[in-house]
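Take a look at the structure set out below.
Only heavy atoms go into these numbers, but all of them, side chains included; no hydrogens, no water, no symmetry mates. As the structure lists them, so they are numbered: ligands from 1, and atoms in each ligand from 1. Owing to the predicted nature of the structure, the values given are computational and were not obtained by experimental measurement.
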Amino acid sequence: METRIAHIADGIYRISTVAEPYGISFNQFLIDDERPTLIHTGEHGSYENVRRAISEVLDPQRLANVVLLHWEGDENGGMDQFLADAPDAELVGSALSIQLNAHGFGVTERVRGFQDGETLDLGRHTLRFLETPHVHHWDSMMVFEESTQSLFPADLYLQPGDQPPVVTENLSEPMLEVYRAVGIFAHEDPVRAVVDRLEALDPAWVHAMHGGTLTREAVPAFNRALREHEFAYCGLLLGREVGAAAAA
Ligand SMILES: [Fe+2]
Ligand SMILES: [Fe+2]
C-alpha cells in the first residue's frame, strides 16, 4: 500500500493511497499556506503514511486546520494524532458535526464549526463552507477554495481504481456502479439539489476524496449522470445484501 503525494494546483497537494479490499483510493489534501491545512485525515491506521507524505512539503507540526467534511473513519479517523502532533491546529467541521459529533465524542477543545457561506482565511487561500446535508451524511459539508476555484466534495464524484492525480476522462458510469453497490446515499434528491449549487459555482478543480481530481471540463458528464440515473441505496451495503438472511 503505497502513499503518494502530487501537487495539483497552486499549493494544493493530493495525498493518495489505494486501499484493498475497497479498490478505491483514499485521498487527503494538503494546502500549503501561512496556515497550513489538511482536508480529510485518512483512517486512524494511515496516520504515519499521511504524516510522512505531508512532511515532504511542510512540517506537520505547523498544521493550523484539520478539516473533516463529515464524521467518518476515513474523514477524521486520524484527527487525534494530527491534533496531538500540531499544538496550534484546530479541528474544523460543519456546525452540526462539531456540535453533535465532536462535542458528543468529548472533543471540545480546539474545535470550530462553520455554517453555510462562512469563510476561513489561510493566507493566500480562502475556504468557503457549503452545508450539504444528506450528501451523504446528516452533518456533511463541502469546501470551496476561492483562489484556485477548487471544490472539495468528499465522496461525491468518486471514481474507483487507482486514478492519476488529475482525471479528464468520463468515469461517471463506474461512479454510479460503486454508489449502487456500497449504498452511501439514501436518496437522489439531496444530491441533485447540491449538484445544482455546484454547477453554479463552476469549479476549476474538483478534488474527489476517492479517485483523481476532475478538471472543469470533466465535471459536466458526472453531473449529467447524477441527474439522469438512479444511484441511491438499493439494499446493498458494501456489496452485501442487507436483510437477505432474515427474508430467507
Ligand atoms: Fe464518507
Ligand atoms: Fe470517503
Side-chain angles (χ1 to χ4, degrees), residues 1 3-4 8 12-30 37-47 49-50 53 66-79 82 91-94 96-98 100-102 104-105 129-144 150-163 165 167 171-172 174-188 190-191 194-195 198 205-214 222 226 231-234 236-240 242:
M1 221 169 53
T3 299
R4 285 167 293 181
I8 310 267
I12 299 180
Y13 294 80
R14 170 184 177 267
I15 299 165
S16 184
T17 312
V18 176
E20 297 307 334
Y22 298 111
I24 58 174
S25 65
F26 288 78
N27 307 328
Q28 300 77 39
F29 295 92
L30 176 68
T37 294
L38 180 66
I39 299 184
H40 324 298
T41 65
E43 291 181 337
H44 190 264
S46 58
Y47 169 71
N49 282 349
V50 177
V66 173
V67 181
L68 67 105
L69 302 183
H70 49 269
W71 197 274
E72 196 172 42
D74 58 338
E75 277 284 345
N76 57 322
M79 67 180 175
F82 280 109
L91 183 70
V92 168
S94 70
L96 184 70
S97 204
I98 296 303
L100 190 79
N101 290 319
F105 279 88
F129 298 92
L130 289 82
E131 289 181 288
T132 58
H134 303 290
V135 183
H136 62 118
H137 286 290
W138 189 29
D139 64 323
S140 286
M141 71 170 185
M142 296 185 186
V143 168
F144 186 71
S150 278
L151 177 73
F152 296 89
D155 299 320
L156 199 59
Y157 303 107
L158 166 155
Q159 317 112 53
D162 187 6
Q163 300 299 335
V167 164
L171 296 170
S172 62
M175 168 185 77
L176 296 177
E177 283 167 17
V178 171
Y179 288 160
R180 290 184 199 113
V182 302
I184 71 165
F185 296 112
H187 199 281
E188 284 86 5
V191 179
V194 165
V195 165
L198 301 180
W205 304 99
V206 173
H207 302 289
M209 183 183 186
H210 309 282
T213 289
L214 303 179
F222 287 81
L226 291 165
F231 55 87
Y233 173 70
C234 56
L236 295 173
L237 277 187
L238 292 177
R240 174 177 58 88
V242 174

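- Taking backbone and side-chain atoms together, Asp155 has an N/O/S atom less than 2.8 Å away from the Fe ion (ligand 1).
- With values rounded to the nearest 0.5 angstrom, Phe231 atom CZ is found 6.0 Å from Phe185 atom CZ.
- His187 has its ring centre no less than 6.0 Å from the ring centre of His134.
- Donor-acceptor pairing under 3.5 Å is lacking for the side chains of Asp74 and His40.
- Each of Ile39, Ile12, Leu214, Val143 was checked for a side-chain contact (heavy atoms from CB on, under 4.5 Å) with His207, and the lone residue meeting it is Ile12.
- For residue Glu75, no N/O/S atom approaches the Fe ion (ligand 2) to within less than 2.8 Å.
- Closest to the Fe ion (ligand 1) among the N, O or S atoms of Glu72 is OE1.
- A donor and an acceptor atom, one from each side chain of Ser16 and Asn27, are located under 3.5 Å apart.
- Around the Fe ion (ligand 2), the two atoms NE2 of His210 and OD2 of Asp74 are separated by an angle of 90°, to 10 degrees.
- Residue His136 approaches the Fe ion (ligand 1) most closely through its N/O/S atom NE2.
- Under 2.8 Å from the Fe ion (ligand 1) lies an N/O/S atom of His70, whether from backbone or side chain.
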